[in-house]
Visitor: 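This is the structure I have questions about; it appears just below.
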Amino acid sequence: MVCVPYLLLLLLPPLLRVSADTTEPCELDDDDFRCVCNFTDPKPDWSSAVQCMVAVEVEISGGGRSLEQFLKGADTNPKQYADTIKALRVRRLKLGAAQVPAQLLVAVLRALGYSRLKELTLEDLEVTGPMPPKPLEATGPAFTTLSLRNVSWATGGAWLGELQQWLKPGLRVLNIAQAHSLAFPCAGLSTFEALTTLDLSDNPSLGDSGLMAALCPNKFPALQYLALRNAGMETLSGVCAALAAARVQPQTLDPNPNLPNPPTPAQTGKTHPSVLRSLNLSFAGLEQVPKGLPPKLSVLDLSCNKLSREPRRDELPEVNDLTLDGNPFLDPGALQRQNDPMISGVVPACARSALTMGVSGALALLQGARGFA
């Protein structure tokens, strides 16, 4: 059997000798759809991942170990295995819990350039060493969704531009959570021509100024949906100022819950994107509807705030889908619970929702997008 070292790390691992008492680290479901590998054994049996060749969804955890041993195959030209790679069914791939040399990561991306992969997730990875020199043209995969969570890079804030140059154009969804650096050098960043969704949720140290640094001007011309849940946003006006500076005009904005400084009349309406159609202000601690909202919205979510009365029509913009669930005026006993530090005026259902929502803004983002379906 032909051995393709760096690609087999993911799907066709080198065929090592399998001992009789070794527990299989990979499990393939009965429908041959999802395959999960967890290589936690001190001497992992990489050959177990061969069964993942038939799966559509593949998840591989490296057990926190360094993968430097696979570097020896990183210079292999994947073109000679193009037909084999293209025949793989995998459409969604998740790699996590490992220390990966940048050269190996690039080799994997080059190989996946011949696959039909649509979604790639990198989680709990430490990318070590410098990225290889910029290629003459992108040779990596043309997937539509890229998600990164807790991925560190030896190159600091330059990582996104260096990663981008190995990917074919067409990325539509980019999710970056628990990033170690979001201060991108804009000069090294190419334009994301097709990117419509950017989720920067779960970056609590980002803040208004960090958002300004992350959103490089004119790099996100097609952006429609922006999620900033648990991203340390301070005011809605700060978010809108960053959008204006980046010349970004999203239709759906999902800022951080529990904004420490709810928007004031002077802060709203002056800088909001002119094409904004969906605004999520749930969990923002609002005691009244902020003035200066866009005059017309498709979706406005004011749920789980501290509104003690139903908003008057003249306080609201023209809106097709208004959500007010979880405000005290809809629950007669809610006001009595405002002194409870565990609830603080928000009805219990919303207190639970804030916990079950976790730190991801993806669900709220998709819910906001329903107005455009």
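In this text, all values refer to a predicted model and were calculated from it rather than measured experimentally.
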Visitor: Ignoring hydrogens and angles, tell me if any N or O in the side chain of R65 forms a donor-acceptor pair with the backbone of D41 under 3.5 Å.
Guide: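 Yes, because the side chain of R65 sits within donor-acceptor range (under 3.5 Å) of the backbone of D41.
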Visitor: Can E57 and K94 be counted as an ion pair, charged N to O under 4.0 angstrom?
Guide: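 The answer is no: the pair does not qualify as a salt bridge.
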Visitor: Does E234 offer a backbone N or O that forms a donor-acceptor pair with the side chain of D208 under 3.5 Å?
Guide: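 Checked: pair present.
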Visitor: Could you pull out all residues at least two apart from T128 that satisfy side-chain hydrogen bond (donor to acceptor under 3.5 Å, both in side chains)?
Guide: none
Visitor: Name all residues meeting the side-chain hydrogen bond (donor to acceptor under 3.5 Å, both in side chains) criterion together with D83; count only those two or more places apart in sequence or in a different chain, and write none if there are none.
Guide: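 With sequence neighbours excluded, D83 shows a side-chain hydrogen bond (donor to acceptor under 3.5 Å, both in side chains) to no residue whatsoever.
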Visitor: Nearest 0.5 angstrom please: T196 OG1 to L223 CG, how far?
Guide: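 So the gap between those two atoms works out to 7.5 Å.
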Visitor: Classify the ring geometry of W46 against F39: parallel below 30°, tilted from 30° to 60°, perpendicular beyond 60°.
Guide: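 It falls in the tilted class, 30° to 60°.
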Visitor: Strictly distance-based, threshold 3.5 Å: is any side-chain N or O of N305 a donor or acceptor partner for the main-chain N or O of L281?
Guide: yes
Visitor: Under the rule for side-chain hydrogen bond (donor to acceptor under 3.5 Å, both in side chains), what residues qualify as partners of T139, not counting sequence neighbours?
Guide: none
Visitor: Would you list the pairs meeting disulfide (SG to SG under 2.5 Å) in which at least one residue belongs to residues 104-154, sequence neighbours left out?
Guide: none
Visitor: Using the test side-chain hydrogen bond (donor to acceptor under 3.5 Å, both in side chains), find all partners of E119 that sit at least two apart in sequence or belong to another chain.
Guide: none
Visitor: Which residue pairs satisfy the disulfide (SG to SG under 2.5 Å) criterion with at least one member in residues 193-226, sequence neighbours excluded?
Guide: C186-C216
Visitor: Evaluate whether atom CZ of R116 has more than 12 neighbouring non-hydrogen atoms of other residues, nucleotides or ligands under 6.0 angstrom away.
Guide: yes
Visitor: When you look at CG of D30, are more than 12 heavy atoms from neighbouring residues, nucleotides or ligands closer to it than 6.0 Å?
Guide: no
